[in-house]
Number of protein chains: 2
Amino acid sequence: MENIKLKLARVEKGMSQQNLADLVGATRQTIGLIEKGKYNPSLNLCVKIAKTLDRTLNDLFWYEDKK
Amino acid sequence: MENIKLKLARVEKGMSQQNLADLVGATRQTIGLIEKGKYNPSLNLCVKIAKTLDRTLNDLFWYEDKK
DNA sequence: GCTATATGCAATATATATTTTACATATAAT
DNA sequence: ATTATATGTAAAATATATATTGCATATAGC
């Protein structure tokens, strides 16, 4: 499923996928695929993304109803 | 650095590394290395571990002072 | 002493995240 | 019409997470 929380947080910051990718040291493809829910990113990357967007892991990657 | 929060949460549940590994579908080596801070685990594995230990991502994998 | 459990460590193999490169479409501005 | 930005997608290459197997030590109980 798509990671809508990540996409929203990025857009709220006025960043493009490329902007975020540059800041966290990844590629825009990686960011795009994470937002699309087609990647299972590493913890380190998740942490970098969260810090860059001034959010926490829970804010962006935690879903209460997840099995 | 070691992930002391994960280790504590596991021990508090009375689980061995092997127990936790079985419950999340990983090996005890993987759990041990994550606790030792020598692995950069995938988000999915982090989520499974957190759910199994009745914690959240932030509880086990988020450090406020992390860069 | 012996056995079982828990953990650490290392080498090799496998699965998969991520990069690289490329091409595509849509939109906005000039 | 053209240029630039933003995004989606895909194939191949590379990096790395994870599994597998094996051996080691320490501890607790019998």
**Request:** Could you walk me through whether B/K13 and B/D54 pass the side-chain contact (heavy atoms from CB on, under 4.5 Å) test, one step at a time?
**Result:** CA-CA 9 Å; B/K13 282 278 180 181; B/D54 293 313; 2.5 Å; yes
Looking only at heavy atoms, the pair that brings A/L57 and A/C46 closest together is CD2-CB, 3.7 Å
So CG of B/L20 and NZ of B/K7: to nearest 0.5 Å the spacing works out to 13.0 Å
One should read off an interatomic distance between B/Y63 OH and A/K51 NZ, to the nearest 0.5 angstrom, of 11.5 Å
Protein-nucleotides 25-29 of chain C N/O pairs closer than 3.5 Å?
none

What nitrogen or oxygen pairs link the protein and nucleotides 2-5 of chain C at under 3.5 Å?
none

note: A/M15, atom CE; D/dT7, atom C1'; distance rounded to Å ~ 17 Å
Sorted by chain and number, sequence neighbours left out, side chain to side chain contact (heavy atoms under 4.5 Å, CB included) with A/L45 holds for A/V24, A/A26, A/T30, A/I34, A/P41, A/S42, A/I49
query: Are B/T52 and B/M15 close enough, and set up right, to give a side-chain contact (heavy atoms from CB on, under 4.5 Å), and what steps lead you there?
result: CA-CA 11 Å; B/T52 300; B/M15 291 186 194; 4.2 Å; yes
To the nearest angstrom, the CG-P distance between A/N3 and D/dT7 comes to 15 Å
So do A/F61 and A/N3 actually touch side chain to side chain, heavy atoms under 4.5 Å?
yes
Students should find that the end-to-end axis angle of the helix from C/dG1-D/dC30 to C/dT30-D/dA1, with five pairs defining each axis and rounding to 10 degrees, is 40°
* Asked: Can you list the steps and then say if A/L53 with A/L6 is a side-chain contact (heavy atoms from CB on, under 4.5 Å)?
  -> CA-CA 9 Å; A/L53 296 178; A/L6 169 55; 3.7 Å; yes
Each nucleotide N or O in nucleotides 15-20 of chain C that has a protein N or O under 3.5 Å away: list the pair and distance.
{"from": "C/dT18", "atom 1": "OP1", "to": "A/S42", "atom 2": "N", "distance (Å)": "3.1"}
{"from": "C/dT18", "atom 1": "OP1", "to": "A/S42", "atom 2": "OG", "distance (Å)": "3.2"}
{"from": "C/dT19", "atom 1": "OP1", "to": "A/G25", "atom 2": "O", "distance (Å)": "3.4"}
{"from": "C/dT19", "atom 1": "OP2", "to": "A/T27", "atom 2": "N", "distance (Å)": "3.2"}
{"from": "C/dT19", "atom 1": "OP2", "to": "A/T27", "atom 2": "OG1", "distance (Å)": "2.9"}
{"from": "C/dT19", "atom 1": "OP2", "to": "A/T30", "atom 2": "OG1", "distance (Å)": "2.3"}

May I ask you to decide if B/N40's main-chain N or O and A/N44's side chain share a donor-acceptor pair within less than 3.5 Å?
no
Go through it in stages, so that I can follow the logic: the residues are B/K5 and B/R55, the test is side-chain contact (heavy atoms from CB on, under 4.5 Å), and I'd like the CA-CA distance, side-chain angles, deciding distance and then a yes or no. CA-CA 10 Å; B/K5 297 199 281 189; B/R55 304 296 160 87; over 6 Å; no
Residues passing the side chain to side chain contact (heavy atoms under 4.5 Å, CB included) test with A/D22, sequence neighbours excluded, are A/Q18
